[in-house]
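A short write-up of the structure that comes next.
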Protein chains: 2
Amino acid sequence: MSNTDHPMEKLVRKLASRNVLSSEDQNAILALPYVTRTYEPNSYLIREGELAKRYCSFVLSGFAYRQKLTAQGARQIVSLHMPGDILDLQHLFLKLADHNVQALTKLETADVDRDGLRVLATERPAVAQAMWIDALVDASVFREWVMNVGRRNARTRIAHLLCEFATRMKFAGLNNGENFELPMTQEQIGDATGLTSVHVNRTLKLLAEDGLVYRDKRYLSFTDWEHMRSVADFSSLYLHLDQAGLPAP
Amino acid sequence: MSNTDHPMEKLVRKLASRNVLSSEDQNAILALPYVTRTYEPNSYLIREGELAKRYCSFVLSGFAYRQKLTAQGARQIVSLHMPGDILDLQHLFLKLADHNVQALTKLETADVDRDGLRVLATERPAVAQAMWIDALVDASVFREWVMNVGRRNARTRIAHLLCEFATRMKFAGLNNGENFELPMTQEQIGDATGLTSVHVNRTLKLLAEDGLVYRDKRYLSFTDWEHMRSVADFSSLYLHLDQAGLPAP
DNA sequence: CGAAAACTTGACCCAACTCAACGAACGTGG
DNA sequence: CCACGTTCGTTGAGTTGGGTCAAGTTTTCG
């Protein structure tokens with residue numbers, strides 16, 4: 001995936017991975033007006049309780065995350081997002097935002113008018129279905145995360161987070177699936193897994209000592225994917241990566 | 001909500017609570033063919049890994065839950081469902097089921113053909129939007145559950161589960177919001193909150209000793225809703241209950 | 001280069017888990 | 001409708017995974 005692509009070509013590729021699209025469908029997406037925006041690390045794209053945005057953001061470069069806060073101020077990251085992800089489909093038809101969306105790194109988005117997307121959805125059922133599927137896959141990831149923080153120990157939880165990230169990055173064409181930078185502080189990894197940064201530190205150290213990952217700063221390499229997968233209790237089924245590929249049921 | 005209603009009238013009411021529907025929209029829903037099915041407690045409606053069903057189930061009576069299992073066999077309940085809930089919108093466009101759906105009590109559903117629903121969605125954008133919103137609200141609940149199991153202690157977690165259940169039951173017209181039966185074993189409450197049944201037992205006892213709830217078998221009464229809400233860190237924002245009511249943004 | 005942020009490690013603690021025993025409630029068949 | 005097996009709920013005793021607190025050390029970045 002080259003960086004010189006037209007932003008909407010990337011969006012076409014994303015939606016085409018969710019549902020088969022005709023060339024008319026694809027052209028309709030390419031014709032969508034958009035503006036690009038950039039965000040600094042930690043800046044907010046959406047705040048809980050606000051009216052949902054009038055536009056829908058598509059990630060061109062950088063990383064973002066969804067997050068909620070308890071009354072006592074504890075933070076729970078509920079999902080991670082990377083180039084090629086659509087951020088606001090979760091709020092496309094909702095009036096108030098129920099969570100926060102924050103830039104993890106420097107972030108570049110292409111923002112498409114929400115009403116324009118809604119019209120497109122009405123006129124092009126296949127595109128609507130692709131967007132709908134994308135939102136359903138997000139929901140599937142949320143369910144997996146409920147299980148991850150609810151029923152797995154620290155070692156498995158963190159390993160699972162790493163496997164999910166690596167798998168999604170590979171699918172998005174952003175790495176080879178085994179060597180990658182995880183652009184998160186250990187505190188953020190803790191916020192994503194329901195742990196403290198201290199325990200994340202100790203657990204990452206153990207994973208490295210056990211020879212499952214090689215670590216250098218935030219760069220990670222899996223030494224044995226299958227072993228890692230097994231420690232992480234990871235199966236990519238919930239990511240629905242082959243959604244558009246399978247024959248219709 | 002009377003029990004003598006036509007099942008599709010209940011579905012109309014549900015969808016109309018998600019988006020404003022014209023009388024033509026409503027009539028189109030009423031005209032949907034369906035069959036009713038009943039399930040015994042603990043029976044499976046959907047199994048992880050299976051092809052998604054060709055129909056979409058709408059709960060007429062009884063309760064159900066979504067659930068995932070870790071490789072070690074630990075169960076995590078990821079959502080609860082009650083009369084008026086639509087169960088399969090999460091899989092409407094997905095090819096493989098990524099989680100299990102099980103009857104909690106004796107359950108009665110009205111099953112609508114999935115392709116019929118898809119056609120309806122194509123022809124009636126307002127209905128499509130209502131269904132889409134319903135799926136988005138489910139996703140919002142998943143996010144809240146990630147935070148619940150990830151960042152709250154046992155007392156708050158369980159109180160939050162009770163508040164959510166009471167609020168949704170009240171909104172569905174099934175109780176007054178403060179006195180209700182929670183048709184779950186303590187083990188199931190544990191599976192929903194990421195705790196063991198022993199600790200659920202102790203924590204429920206503490207909530208009762210502190211005068212927050214009165215308990216008799218599985219019947220619960222809140223003695224002070226506002227106090228309970230505060231202990232539970234509960235805000236109904238994430239349930240998007242007023243979605244159809246608010247003025248358009 | 002200096003300050004702030006992120007990472008690391010040790011010592012100690014506690015919320016929740018495990019194991020185990022028993023009592024209460026339920027449902028099922030005779 | 002009662003006996004009885006099974007599931008569910010309750011409680012105690014002891015354990016532990018992960019948290020807390022605190023003090024460095026390293027990295028990042030202006």
Side-chain angles (χ1 to χ4, degrees), chain A residues 40-43 63 70 72-77 102-106 148-161 181-210 213-220 231, chain B residues 40-43 70 72-77 102-106 148-162 181-210 213-220 231:
Chain A
E40 290 306 304
N42 303 316
S43 58
F63 296 83
T70 67
Q72 294 74 238
R75 171 183 285 106
Q76 178 69 48
I77 293 177
Q102 247 179 308
L104 180 57
T105 62
K106 198 168 195 317
N148 203 41
V149 297
R151 285 301 187 203
R152 294 189 176 121
N153 64 22
R155 179 186 175 87
T156 306
R157 262 186 239 187
I158 291 177
H160 191 280
L161 181 75
E181 184 192 4
L182 181 66
M184 299 172 75
T185 66
Q186 293 180 358
E187 186 170 10
Q188 288 164 336
I189 296 174
D191 288 342
T193 51
L195 300 166
T196 59
S197 61
V198 172
H199 202 60
V200 168
N201 183 282
R202 294 192 222 272
T203 307
L204 281 175
K205 190 183 164 192
L206 280 178
L207 288 173
E209 282 173 0
D210 293 349
V213 298
Y214 171 78
R215 285 202 299 152
D216 180 27
K217 308 277 168 59
R218 292 176 187 176
Y219 291 89
L220 295 166
V231 165
Chain B
E40 289 307 304
N42 304 317
S43 58
T70 67
Q72 294 74 240
R75 182 193 321 275
Q76 178 68 49
I77 294 177
Q102 247 181 309
L104 180 57
T105 62
K106 199 171 195 315
N148 204 40
V149 298
R151 285 302 187 200
R152 294 187 176 122
N153 63 22
R155 180 186 174 86
T156 306
R157 263 186 237 185
I158 292 177
H160 191 278
L161 180 76
L162 302 184
E181 184 192 4
L182 181 66
M184 301 172 77
T185 66
Q186 293 179 358
E187 186 169 10
Q188 288 164 336
I189 297 174
D191 287 342
T193 50
L195 301 166
T196 60
S197 61
V198 172
H199 202 58
V200 168
N201 183 282
R202 294 192 224 272
T203 307
L204 281 174
K205 190 182 164 193
L206 280 177
L207 288 173
E209 282 173 0
D210 292 350
V213 298
Y214 172 79
R215 284 202 300 152
D216 181 28
K217 309 276 171 59
R218 292 175 185 176
Y219 291 88
L220 295 166
V231 165

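The figures that follow rest on heavy atoms only: side chains count, while hydrogens, waters and symmetry mates do not. By convention in this document, chain letters (A, B, ...) are assigned in the order of the sequence lines, proteins followed by strands, and residues within each chain are numbered from 1. None of the values given here were measured: they were computed from a predicted structure.
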Given atom [atom1] of [X] and atom [atom2] of [N], what is their separation to the nearest angstrom?
X: B:Leu204; N: C:dA16; atom1: CG; atom2: C1'; result: 15 Å
X: B:Gln72; N: C:dT18; atom1: CD; atom2: P; result: 12 Å
X: A:Arg152; N: D:dG18; atom1: CZ; atom2: C1'; result: 18 Å
X: A:Lys205; N: C:dC7; atom1: NZ; atom2: C1'; result: 12 Å
X: B:Leu220; N: D:dG9; atom1: CG; atom2: P; result: 12 Å
X: A:Ile189; N: C:dA5; atom1: CD1; atom2: C1'; result: 15 Å
X: A:Ile158; N: D:dG17; atom1: CD1; atom2: P; result: 15 Å
X: B:Asn42; N: D:dT7; atom1: CG; atom2: P; result: 11 Å

Just to be sure I understand the rule, does [X] reach a base, reach only the sugar-phosphate, or reach nothing, if contact means heavy atoms closer than 4.0 Å?
X: B:Arg218; answer: sugar-phosphate
X: A:Arg215; answer: sugar-phosphate
X: A:Arg155; answer: nothing

- Task: Determine, stepwise, if the pair A:Leu182 / A:Ile189 fulfils side-chain contact (heavy atoms from CB on, under 4.5 Å).
- Result: CA-CA 9 Å; A:Leu182 181 66; A:Ile189 296 174; 3.8 Å; yes
Between the protein and nucleotides 23-29 of chain C, list the N/O to N/O atom pairs that are separated by less than 3.5 angstrom.
none

How close do [X] and [Y] get, counting heavy atoms only, and between which atoms?
X: B:Arg157; Y: B:Gly194; value: NH1-O, 3.5 Å
X: B:Leu195; Y: B:His199; value: CD2-CD2, 4.3 Å
X: B:Ile158; Y: B:Leu204; value: CG2-CD2, 3.8 Å

- B:Arg75 vs B:Gln102, side-chain contact (heavy atoms from CB on, under 4.5 Å): CA-CA, chis, key distance, verdict: CA-CA 12 Å; B:Arg75 182 193 321 275; B:Gln102 247 181 309; 3.8 Å; yes
Determine whether [X] and [Y] make a side-chain contact, defined as any pair of heavy atoms from C-beta on separated by less than 4.5 Å.
X: B:Thr203; Y: B:Val200; answer: no
X: A:Val149; Y: A:Gln76; answer: yes
X: B:Leu207; Y: B:Arg155; answer: yes

- Message: Show, in sequence, the C-alpha distance, side-chain angles and deciding distance for B:Val198 and B:Gln186, and conclude whether the side-chain contact (heavy atoms from CB on, under 4.5 Å) test is met.
- Response: CA-CA 8 Å; B:Val198 172; B:Gln186 293 179 358; over 6 Å; no
- Task: Select one nucleotide: of C:dT8, D:dG9, D:dT10, the one nearest the side-chain heavy atoms of A:Gln186.
- Result: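 Minimum distance to the A:Gln186 side chain belongs to C:dT8.
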- Query: Looking at DNA chain D, which of residues 194-202 of chain B put a heavy atom within less than 4.0 Å of it?
  - Reply: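 Nucleic-acid contacts, sorted: B:Val198, B:Asn201, B:Arg202.
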- Query: Considering heavy-atom distances to DNA chain C, does A:Thr185 or A:Arg151 have its closest nucleotide positioned more toward the 5' end?
  - Reply: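 Mapping each residue to its closest nucleotide by heavy atoms, the 5'-most match is A:Thr185.
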